[in-house]
Amino acid sequence: MALIDTINPLLTTGWAKGDAGWSLKDYEARGGYKQLRRVLESKMTQDDLIAEVKKSVLRGRGGAGFPTGLKWSFMPKAAPEKYVVCNTDEGEPGTFKDRDLLRFDPHSTIEGMIIAGYAVGAKRGYNYIHGEIFEIYQRFEEALDQARAAGYLGNNILGSDFSFDLFAHHGWGAYICGEETGLLESIEGKKGQPRYKPPFPANFGLYGKPTTINNTETFAAIPFILGMGGEAYLNLGKPNNGGTKLFSVSGHVNRPGNYEVPMGTPFAKLLEMAGGMRGGRKLKAVIPGGSSAPVLPADVMMDCTMDYDSIAKAGSMLGSGAVIVMDETVCMVKALERLSYFYYEESCGQCTPCREGSGWLYRVVHRIEHGQGRAEDLDLLNRVTDNMMGKTICALADAAAFPVRSFIKHFKSEFEYHIENKKCLVDPDIQRAGSGFFKAGAA
Amino acid sequence: MNTQNTLLCPELSAESLLKIDREVAKYPADQKQSAVMAALVIAQDEKGWLSKETIAAVAGYLGMPPIAAYEVASFYNMYDLHPVGKYKLTVCTNLPCALSGGVHAADYVKEKLGIDFNETTADGKFTLKEGECMGACGDAPVMLVNNKRMCSFMLPEQIDKLLAECK
């Protein structure tokens with residue numbers, strides 16, 4: 001889906017021609033690989049490069065929002081073998097921005113990764129691409145071939161003494177590999193089960209070597225940051241929330257899709273860009289940062305701006321920028337049941353609180369949805385989440401718990417209605433009509 | 001070279017082994033196991049599904065224990081450890097897709113084919129699977145055909161068209 005409406009487009013400047021504008025010559029015509037050339041020809045020092053990225057206050061676009069420049073500075077200077085890894089294992093329900101980035105403009109990510117390799121002293125990189133998007137993986141492989149043939153990858157890039165090569169690793173269906181150490185295990189040819197941290201990847205990463213892992217959108221922003229300068233990039237957004245960000249808007253809007261806006265843009269504006277509510281119906285709730293982020297009721301969300309700090313203050317997370325919009329036709333118990341099933345299905349099984357807890361959450365929400373809920377079930381759900389959060393190797397247990405706690409917190413009366421009346425508060429016919437799958441009037 | 005590979009791994013075609021070699025070349029020389037995910041995909045493409053024998057053959061070719069390859073094959077969702085129909089349809093029913101008809105799309109396919117999730121039609125043509133997020137929520141409802149082809153905006157007319165296309 002091509003972009004419809006943007007403010008200050010950066011990452012999406014290359015998307016204008018849709019599938020016809022992704023190749024190397026198009027990217028070069030847009031000024032692509034100019035920043036890599038400048039870094040190499042001016043022999044920019046690693047410290048200066050990292051300082052520029054720090055100035056931009058670019059924060060990790062995959063979900064955690066960790067400052068990118070700081071992450072790069074953790075890489076030990078002396079290590080002989082280091083890696084740069086890109087996380088395009090985009091499986092967080094609601095998120096579909098990295099797919100479009102690699103589809104419409106794969107070379108910005110490639111250039112960003114090469115520059116990152118230079119900054120941290122790595123000679124090799126991998127881009128881990130989500131299993132379900134094979135066509136995108138193929139395109140990225142093709143883009144790599146183009147970059148290699150043009151001398152942007154390989155030995156002595158553009159005649160400099162810097163060498164770097166980059167490869168694509170294709171996933172095959174495991175949400176947990178979006179967790180950075182699970183992803184590293186997966187590249188090593190194992191089950192994608194997350195590792196204990198510390199040690200962090202900057203010290204013990206891929207094949208046990210120092211590794212920098214960033215999200216696709218983070219790497220893609222690097223050439224633009226160098227082009228305009230870190231400070232100018234920061235000023236596009238708001239303090240501590242630099243630059244622009246892609247938001248994947250899905251659910252009950254007229255024009256689902258990716259929208260690039262400056263950090264700090266009001267949610268109301270983003271909703272307007274996505275064409276407003278489908279059928280003019282009333283907004284009920286929004287999950288602002290992918291399915292792992294706590295849900296927010298409509299009135300709270302309408303007062304938010306789209307940046308890490310505002311959404312955190314409202315009690316949720318900006319996460320990956322996946323905005324799941326729900327209107328009044330949604331049964332919140334059914335919505336939660338679907339999310340809880342997802343975490344139950346995707347728990348890697350390594351930690352007991354997550355493996356068992358995610359199953360308990362799903363089964364209890366399932367029985368409430370199916371008219372078999374018990375009066376004590378809401379307390380039980382909260383107790384189970386208490387036993388999961390912060391008690392596991394990775395954050396999947398927390399990700400499974402957040403939706404449960406927030407759905408119950410904000411929509412408690414709907415859950416209670418379900419338990420007492422053994423049915424949805426929202427009429428099933430209204431729910432059915434809400435999806436837009438059936439033509440109006442059809443059975 | 002090809003002949004030699006085929007001797008090492010008679011279970012797989014020379015063409016598949018060549019593809020696996022290209023994957024192995026992406027990783028450091030002492031990290032052949034990194035290619036196991038890709039190698040299992042290549043084997044699945046050739047055989048239609050992954051039997052224990054096929055998995056063991058892939059493991060042998062990459063010089064890793066068969067159980068390590070089996071762990072990988074059983075961990076990732078898109079490996080088929082049992083035979084599937086000629087067309088494996090995977091429908092995403094996760095929340096963002098469901099809001100735009102993902103569950104209804106799955107129900108529609110079930111009714112059309114007369115099968116439930118994880119079942120195959122009697123003629124062996126279609127297998128239906130329930131999928132988790134495919135990272136294309138803006139295109140909902142979304143379906144995958146044989147793991148590699150993504151179909152977007154799958155409303156009733158598009159589903160009818162797709163099913164008719166699958167000969």
Side-chain angles (χ1 to χ4, degrees), chain A residues 1 90-96 98-100 124 126 130-135 167-175 177 186-193 207 248-252 256-258 287 291 322 324-327 330 334-335 338-339 342 345-346 348 432 434-439 442, chain B residues 23 25-28 30-41 44 62 64 68-69 71-79 90 92-105 107-108 130-142 144 147-150 152 154-156:
Chain A
M1 151 145 333
E90 188 178 45
E92 173 79 7
T95 315
F96 49 92
D98 300 334
R99 166 181 180 246
D100 277 0
R124 199 180 257 262
Y126 291 97
H130 192 219
E132 285 82 347
I133 52 173
F134 176 73
E135 288 120 327
F167 303 92
H169 183 102
H170 191 204
W172 206 240
Y175 169 69
C177 293
S186 186
I187 297 182
E188 292 181 5
K190 303 172 193 161
K191 293 183 286 183
Q193 293 186 318
Y207 308 127
S248 305
V249 185
S250 65
H252 292 146
N258 285 310
I287 303 178
S291 67
I324 305 170
V325 178
M326 293 178 269
D327 70 20
V330 174
K334 186 175 268 180
R338 193 56 195 74
L339 290 180
F342 171 70
E345 169 75 23
E346 296 294 333
C348 81
R432 183 178 153 88
S435 83
F437 183 78
F438 305 100
K439 282 202 182 110
Chain B
E23 293 295 327
K26 290 178 177 178
Y27 306 96
D30 58 345
Q31 300 291 348
K32 268 174 113 172
Q33 180 172 339
S34 283
V36 68
M37 288 182 69
L40 288 169
V41 173
Q44 178 168 295
L62 295 174
M64 60 194 281
E71 277 188 350
V72 169
S74 57
F75 186 82
Y76 298 90
N77 290 334
M78 287 155 67
Y79 294 116
T90 312
C92 176
T93 57
N94 208 307
L95 180 62
C97 263
L99 294 174
S100 293
V103 175
H104 296 144
D107 289 344
Y108 187 82
E130 184 173 29
E132 289 304 341
C133 188
M134 299 170 184
C137 322
D139 296 1
V142 180
L144 271 188
N147 304 316
K148 291 188 173 176
R149 176 180 162 209
M150 187 176 280
S152 300
M154 297 306 281
L155 296 174

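Reminder, nothing fancy here: chain letters follow the sequence lines and each chain counts from 1.
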Okay, B:Pro141 and chain A: the region with an atom under 4.5 Å from a heavy atom over there is side chain
For B:Cys133 and A:Phe342 the tightest heavy-atom approach is N-CE1, 4.3 Å
Stepwise side chain to side chain contact (heavy atoms under 4.5 Å, CB included) check, B:Val103 with A:Lys334:
CA-CA 12 Å; B:Val103 175; A:Lys334 186 175 268 180; over 6 Å; no
Looking only at B:Glu23, B:Met134, B:Lys148, the option with the highest number of non-hydrogen pairs under 4.5 Å against chain A is B:Lys148
Pair count under 4.5 Å, heavy atoms only, with chain A: among B:Met37, B:Glu71, B:Met64, B:Glu132, highest is B:Glu132
message: Can you tell me how the ring of B:Tyr108 sits relative to the ring of A:Phe437, calling it parallel under 30°, perpendicular over 60° and tilted otherwise?
response: perpendicular
Ranked by heavy-atom pairs below 4.5 Å to chain B, first place among A:Gln193, A:Met326, A:Arg124 goes to A:Arg124
Honestly, the part of B:Met154 sitting under 4.5 Å from a heavy atom of chain A is backbone
What one should report as the nearest heavy-atom pair of B:Leu99 and A:Gly251 is CD1-CA, 3.8 Å
Note: vs chain B, highest number of non-hydrogen pairs under 4.5 angstrom among A:Glu135, A:Glu132, A:Lys191 is A:Lys191
When the 4.5 angstrom heavy-atom criterion is applied to B:Ala98 and chain A, the contacting part is backbone
Honestly, the part of B:Thr93 sitting under 4.5 Å from a heavy atom of chain A is both
inquiry  = Are A:Tyr126 and B:Tyr27, when compared by the centres of their aromatic rings, separated by less than 6.0 Å?
reply    = yes
Note: vs chain A, highest number of non-hydrogen pairs under 4.5 angstrom among B:Asn94, B:Leu40, B:Val142, B:Val72 is B:Asn94
When you check the gap from the basic side-chain N to the acidic O, do A:Arg99 and B:Asp139 get nearer than 4.0 Å?
yes
From the list A:His130, A:Glu92, A:Glu90, the residue making the most non-hydrogen contacts under 4.5 Å with chain B is A:His130
When the 4.5 angstrom heavy-atom criterion is applied to A:Ser291 and chain B, the contacting part is neither
Answer key: most heavy-atom pairs under 4.5 Å with chain B among A:Gly131, A:Ala335, A:Gly91, A:Ser186 is A:Ser186
Those residues at least two apart in sequence (or on a different chain) that pass side-chain contact (heavy atoms from CB on, under 4.5 Å) with A:Ser250 are A:Phe96, A:Ile324, B:Pro96, B:Cys137
If one checks every heavy atom of B:Leu155 against chain A at 4.5 Å, the contacting part turns out to be both
So, the part of A:Cys348 with a heavy atom under 4.5 Å from chain B: the answer is both
If one checks every heavy atom of B:Ala38 against chain A at 4.5 Å, the contacting part turns out to be neither
